[in-house]
K.L.:
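Handing you a structure now.
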Amino acid sequence: MAEPLNLSSLKPAQSRKDRKRIGRGIGSGKGRYSGRGIKGQKSRAGSHKMRPGFEGGQMPIYMRLGKQRGSTSKDAMPIGPFRTSTAPVNVGSLDRFDDGAEVTPESLVEKGLLKNTKTDVKLLGGGDLKKKLTVRVHAISATAREKVEQAGGTVALLREPKPRKQKHTKPKPVAAEVEPEAPEPEATEPEAPKPEAEAEEAPAEEA
């Protein structure tokens, strides 16, 4: 038989736990520093929200580690509408096209090789091709072009490749030619002083 309902038998449908009231004495479990620790930025009054990775102003870990190719490196791809990334498609995947068909970004999407046409398409040389196709893509590797042309197909780029900028390097200084030194004259002994003029000859005897 169910217990009669009265004020002494009322209970909540779910167990309830009183919230912990901080700063109400040492015996309360959250007294003295109220769970904030001793001193520091996070113990002060007011908002102490900090961005992820912030280490109090010192060099954070993600800047102390070695850098890889990305948005912050010198050779990174540009971010924005002029990004140079491409969607790769291998030559071997074009076998699902009929012989003599035209391969375009739209047809690649229809065949399930691409998700959409938002990104430029680059044809790579992986696999073999045995069908004659007309390929129209944004970029193509040298190996892929060779395989398409060997199968009797043609390649037409939808965008002309940009010429690469030549790096201007300073010419190396040419070492000045050193002229051979003239040989020094051999040292010669000083000539002995000539003897004084001999005494005048004696006068001839009288006849």
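These numbers come from the heavy atoms of this one structure, side chains and all, not from hydrogens, waters or symmetry mates.
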K.L.:
For the atom pair CG (Leu133) and NZ (Lys130), what is the distance rounded to the nearest 0.5 Å?
P.N.:
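Those atoms lie 14.0 Å apart.
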K.L.:
Please name the pair of heavy atoms, one in Gly125 and one in Ser141, separated by the smallest distance, quoted to 0.1 Å.
P.N.:
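Answer, listing the atom of Gly125 first, then Ser141: N-OG, 3.6 Å.
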K.L.:
More than 12 heavy atoms of other residues, nucleotides or ligands under 6.0 Å from NZ of Lys132: yes or no?
P.N.:
no
K.L.:
Is there side-chain contact between Lys42 and Arg36, with at least one heavy-atom pair below 4.5 Å?
P.N.:
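Heavy-atom side-chain distance check fails, nothing below 4.5 Å.
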K.L.:
What distance do Glu55 atom CD and Met50 atom CE have between them, rounded to the nearest 0.5 Å?
P.N.:
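Nearest 0.5 Å value for the CD-CE distance: 11.0 Å.
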K.L.:
Would you tell me whether Ser93 and Asn90 have side-chain atoms, one donor and one acceptor, within less than 3.5 Å of each other?
P.N.:
no
K.L.:
Among Leu5, Leu10, Asn6, find the residue that satisfies the side chain to side chain contact (heavy atoms under 4.5 Å, CB included) test when tested with Ser8.
P.N.:
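Exactly one option meets the side chain to side chain contact (heavy atoms under 4.5 Å, CB included) with Ser8, and it is Asn6.
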K.L.:
So, the side chain of Thr134 versus the backbone of Val103: is there a donor-acceptor pair under 3.5 Å, distance only?
P.N.:
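Checked: no pair found.
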K.L.:
Does atom CZ of Arg16 have more than 12 heavy-atom neighbours, drawn from other residues, nucleotides or ligands, at distances under 6.0 Å?
P.N.:
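No, the 6.0 Å shell around CZ holds no more than 12 heavy atoms from other groups.
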K.L.:
Would you sort out whether Leu94 and Leu123 count as a side chain to side chain contact (heavy atoms under 4.5 Å, CB included), showing the intermediate values?
P.N.:
CA-CA 10 Å; Leu94 303 182; Leu123 190 64; 3.9 Å; yes
K.L.:
Lys147 and Asp128: side chain to side chain contact (heavy atoms under 4.5 Å, CB included), yes or no, with the steps?
P.N.:
CA-CA 7 Å; Lys147 291 184 177 181; Asp128 297 324; 4.0 Å; yes
K.L.:
Say you draw a straight line from CG of Asn116 to CG of Leu108; how long is it, rounded to the nearest 0.5 Å?
P.N.:
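Asn116 atom CG to Leu108 atom CG measures 12.0 Å (nearest 0.5 Å).
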K.L.:
Answer yes or no: is there a donor N or O on one side and an acceptor on the other, between the side chain of Ser34 and the main chain of Gly31, under 3.5 Å?
P.N.:
no
K.L.:
Given the rule that I, L, V, M, F, W and Y join up when any side-chain heavy atoms are under 4.5 Å apart, are Leu114 and Leu124 in one cluster?
P.N.:
no
K.L.:
Hey, is the main chain of Thr143 close enough, under 3.5 Å, to the side chain of Arg145 for a donor-acceptor pair?
P.N.:
no
K.L.:
Contact between Gln41 and Phe54 at the side-chain level, heavy atoms closer than 4.5 Å - yes or no?
P.N.:
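Result yes, sub-4.5 Å side-chain heavy-atom pair found.
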K.L.:
For the CG atom of Leu113 and the CZ atom of Arg96, what is their distance to the nearest 0.5 Å?
P.N.:
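Answer rounded to 0.5 Å: 4.0 Å.
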K.L.:
Looking at every heavy atom in both Ala144 and Val91, which two are closest together, and how far apart are they?
P.N.:
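So the minimum-distance heavy-atom pair works out to CB-CG2, 3.6 Å.
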K.L.:
When rounded to the nearest 0.5 angstrom, what is the spacing between NZ in Lys122 and CD1 in Ile140?
P.N.:
9.5 Å
K.L.:
Would you compute the distance between atom OH of Tyr33 and atom CD1 of Ile26 and round it to the nearest 0.5 angstrom?
P.N.:
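Answer rounded to 0.5 Å: 9.0 Å.
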K.L.:
Answer yes or no: is there a donor N or O on one side and an acceptor on the other, between the side chain of His138 and the main chain of Val121, under 3.5 Å?
P.N.:
yes
K.L.:
Can you see which heavy atom on Pro4 is nearest to which on Ser9, and at what distance?
P.N.:
O-OG, 3.3 Å
K.L.:
With clusters defined by side-chain heavy atoms of hydrophobic residues (ILVMFWY) lying less than 4.5 Å apart, directly or transitively, does Leu158 cluster with Val109?
P.N.:
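Shared cluster, no.
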K.L.:
Could Lys111 and Phe97 be counted as a cation-pi pair, given that NZ or CZ must be under 6.0 Å from the ring centre and within 45° of the axis?
P.N.:
yes
K.L.:
Between Arg64 and Met59, is there a donor-acceptor pair closer than 3.5 Å when you use the side chain of the first and the backbone of the second?
P.N.:
yes
K.L.:
Could you walk me through whether Thr154 and Val148 pass the side chain to side chain contact (heavy atoms under 4.5 Å, CB included) test, one step at a time?
P.N.:
CA-CA 7 Å; Thr154 57; Val148 172; over 6 Å; no
